[in-house]
Structures are given as structure tokens and as C-alpha cells.
Amino acid sequence: MNIFLLEDDEAIGIGLKYSLENEGYTITLTRSFAEAESIIEKQTFALYILDINLPDGSGYDICRKVKEKGDFPVIFLTAYDDEVNVVMGLDIGADDYITKPFRVRELVARIKSVMRRCGKDKAEPTVKLGNVSVNLNEARVTKDNEDVILTAMEYRLLLTFINNRGKVLSRNKLLEEIWDVDGDFVNDNTLTVYIKRLRDKIERDPACPTIIKTVRGLGYVIENDR
């Protein structure tokens, strides 16, 4: 599940990103109102976790912008637990509220609870990429209705693209996402090999890819409208 995390404290943000990714979530971390606003205008996420007090704005305003796009679940993070903040957050559409400091297990439990209440606790069952289908519940990939056997690294790489559809991913970003699968070290040259192998398995013509596209000088992308 792709989660948007807005936390201006660098140490807390990095710690939460690491911990939640270990729980199997894909995390997009931002640290300012301006950065968050720019990203949410271009992308949508399954869940938004928002710090309230930011150096250049308020998490409340980001929540309002999220809710304008759709009824996406929102959890607020704050150092304050007074009634005014709680009521204000809930009034503008927040689904839950957690006060710092907190344990990661508590946050994970809140995430699961919110997603159940919103009826969004199950991942999108099947993603269509042209003639390729990815059943996220079964971790099964088919091409023209025939099974495609991917390694753990190849499947993690494909999921990274799927969770960021419409977003150009740089090579550095991809390396950050997949480097620790099975404890394997992945360098830039190895990444090139994995992308080639994945394309060989899912593209009709790997030499002219139409699913995982190269954006020259920037990285790779799976487009939203596939």
C-alpha cells in the first residue's frame, strides 16, 4: 500500500519511513508544506499521514487539499493532545489522530484500523498493464493469460513501479527501494540487469518497451493510463 507521510522532523520522518517500509508499506516522505502540496497535486495515495505543525504551513491545509481530491483516509501526527486540536482535525475530515511520542506498532494498528473502517484495507486485487496482469493479493503475474515467473527482486521492482504509476522514478530512487531485498546488494549496474530481465519477461518487445518506459535523463515510468 502506498502511503504519503508528511513529517518535518528529519529524524522522525526517516525513522517512520524505515519502520513502515519494513511492515510492507511503500512510503513517500515529505518534510514541508510546499513539497507536500507539489506532490499531492500530481499523485494520489491510499493513505495520508500528516504532521500538523510545519515550518511553512499546516497539515490541516494539506488535509483539506487531499479531501478536495477524494475521500482518502488521513491520520494526523501532532505533539499536542488538547481537545481543540483533536476536534479541528476531525472536523476537517481526519480519520484518526495520534499524539507524539508513539510506538510504531501503535501507528501500524491505527493504519489498519482506519483502512478497515474506510473499506480500503484490501489492496487493489489486480493491476492491468496492457497485456500483463498483476494480482497483488496472490503476487501472481500473467502475460497474455500465461504465468510469468519473477524472482523476488524482479517482483519488488515491478511493485515499486506499480505503486508509483505516473511518477518518473530515478535510478537512485529505485536503488533505495530494492537494495535490501533478501539482503542482496544492488548497485547501478545490477539495477540495469534487473530492469532488462523484467522487461524481457513482461514486454511484448523488450527492445521497444511500452510498459516500463525510459524517460531519457530522468529515469523510468509506468504511466497512469495503462
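No hydrogens, no waters, no symmetry mates; every other heavy atom, side chains included, goes into these values.
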Quiz item: Less than 4.0 Å between a side-chain N and a carboxylate O, is that true for E223 and K213?
Solution: yes
Quiz item: How far apart are the closest heavy atoms of D56 and A34, and which atoms are they?
Solution: OD2-N, 3.1 Å
Practice problem: Apply side-chain contact (heavy atoms from CB on, under 4.5 Å) to the pair M115 and L47, showing each step before the final yes or no. | Solution: CA-CA 8 Å; M115 298 307 284; L47 173 73; 4.2 Å; yes
Exercise. Determine whether N2 and T44 make a side-chain contact, defined as any pair of heavy atoms from C-beta on separated by less than 4.5 Å.
Key: no
Quiz item: Does one hydrophobic cluster hold both L175 and F161, with members joined at side-chain heavy-atom distances below 4.5 Å?
Solution: yes
Quiz item: M1 pairs by side chain to side chain contact (heavy atoms under 4.5 Å, CB included) with which of I111, I27, T26?
Solution: I111
Self-check item: Check against side-chain contact (heavy atoms from CB on, under 4.5 Å), L16 and L107
Solution: CA-CA 9 Å; L16 284 177; L107 178 58; 3.9 Å; yes
Quiz item: Would I195 and V168 show up in the same hydrophobic cluster when neighbours are defined by side-chain heavy atoms closer than 4.5 Å?
Solution: no
Quiz prompt | Side chain R199, main chain I212, donor-acceptor under 3.5 Å | solution = yes
Quiz item: Does S113 use its side chain to pair, donor to acceptor, with the backbone of A109 at less than 3.5 Å?
Solution: no
Practice problem: Give a yes or no on whether the backbone of V74 and the side-chain of D95 come within a donor-acceptor separation of less than 3.5 Å. | Solution: yes
Practice problem: For residues K128 and S133, report the shortest heavy-atom separation together with the two atoms involved. | Solution: NZ-OG, 2.9 Å
Quiz item: Is there a side-chain contact between F76 and T99, using heavy atoms and a 4.5 Å cut-off?
Solution: no
Self-check item: Carboxylate-amine/guanidinium proximity below 4.0 Å for E68 and R64
Solution: no
Quiz item: Just how far is it from atom NZ of K143 to atom CG of N131, taken to the nearest 0.5 Å?
Solution: 6.5 Å
Quiz item: For the atom pair CG (N53) and CZ (F33), what is the distance rounded to the nearest 0.5 Å?
Solution: 13.5 Å
Quiz item: Is it the case that one hydrophobic cluster holds both V104 and I75, taking links as side-chain heavy atoms less than 4.5 Å apart, direct or via other members?
Solution: yes
Quiz item: Can you hop from I3 to F102 via hydrophobic side chains spaced under 4.5 Å?
Solution: yes
Quiz prompt | Gap between atom CG of L77 and atom CD1 of I12 - 0.5 Å precision | solution = 8.5 Å
Exercise. Give a yes or no answer on whether the side chain of Y48 reaches the backbone of F45 with a donor-acceptor pair at less than 3.5 Å.
Key: yes
Quiz item: Considering only heavy atoms from C-beta outward, does the side chain of I49 approach that of L20 to under 4.5 Å?
Solution: yes
Practice problem: Kindly give the heavy-atom pair with the smallest separation between T142 and V148, and that separation in Å. | Solution: C-CG2, 4.0 Å
Practice problem: Verify the neighbour count for atom CG of D147: are there more than 12 heavy atoms of other residues, nucleotides or ligands below 6.0 Å? | Solution: yes
Practice problem: Give me the one residue out of L6, I52, I92 that meets side chain to side chain contact (heavy atoms under 4.5 Å, CB included) with C63. | Solution: I92
Quiz item: Salt bridge check: are E7 and R31 linked by an N-O gap of less than 4.0 Å?
Solution: no
Self-check item: Donor on one side chain, acceptor on other, T126 and R140, under 3.5 Å
Solution: no
Quiz item: Any side-chain heavy atom of T30 sitting closer than 4.5 Å to one from D8?
Solution: no
Quiz prompt | Atom pair OG/CG of S170 and L218 - distance to nearest 0.5 Å | solution = 9.0 Å
Quiz prompt | Sidechain-backbone polar pair: K201 side chain, I149 backbone, donor-acceptor under 3.5 Å | solution = yes
Practice problem: Answer yes or no: is there a side-chain heavy-atom contact under 4.5 Å between K196 and P206? | Solution: no
Quiz item: Are any side-chain N or O atoms of D144 and backbone N or O atoms of E146, one a donor and one an acceptor, separated by less than 3.5 Å?
Solution: no
Quiz item: Are R197 and D200 within salt-bridge range, i.e. N to O under 4.0 Å?
Solution: no
Practice problem: Look at D71 together with K67 and state whether they make a salt bridge at an N to O cut-off of under 4.0 Å. | Solution: yes
Practice problem: Could you tell me the separation between the CG atom of L157 and the CG atom of L150, rounded to the nearest 0.5 Å? | Solution: 9.5 Å
Quiz item: Will you find, in the side chains of T192 and R171, an N or O donor that is under 3.5 Å from an N or O acceptor?
Solution: yes
Self-check item: Pair D96 + R110: basic N to acidic O under 4.0 Å
Solution: yes
Quiz item: What are the two closest heavy atoms between E37 and I62, and how far apart are they?
Solution: N-CD1, 3.9 Å
Quiz prompt | Intermediate values then yes/no, salt bridge (Lys or Arg N to Asp or Glu O under 4.0 Å), K100 and D51 | solution = CA-CA 10 Å; K100 303 172 188 176; D51 190 12; 3.4 Å; yes
Quiz item: Between CG of L198 and CE of M153, what distance do you get to the nearest 0.5 Å?
Solution: 12.0 Å
Quiz item: Donor-acceptor pair, K69 side chain versus Q43 backbone, under 3.5 Å?
Solution: yes
Practice problem: May I ask you to test the L129-I162 pair for a side-chain heavy-atom distance under 4.5 Å? | Solution: yes
Quiz prompt | Student check: side-chain heavy atoms of Y220 and V215 closer than 4.5 Å | solution = no
Quiz prompt | V114 versus P73, closest heavy-atom pair with distance | solution = CG1-CB, 3.5 Å
Quiz item: What are the two closest heavy atoms between I222 and L158, and how far apart are they?
Solution: CD1-CD1, 4.4 Å
Quiz item: Would you say the side chain of V221 lies within less than 4.5 Å of the side chain of K167, judging by non-hydrogen atoms?
Solution: no
Quiz item: With no hydrogens and no angle check, is any side-chain donor or acceptor of S58 less than 3.5 Å from a backbone partner on Y60?
Solution: yes
Exercise. Compute the centroid of each ring, for F72 and then for F4, and state whether the two points are separated by less than 6.0 Å.
Key: no
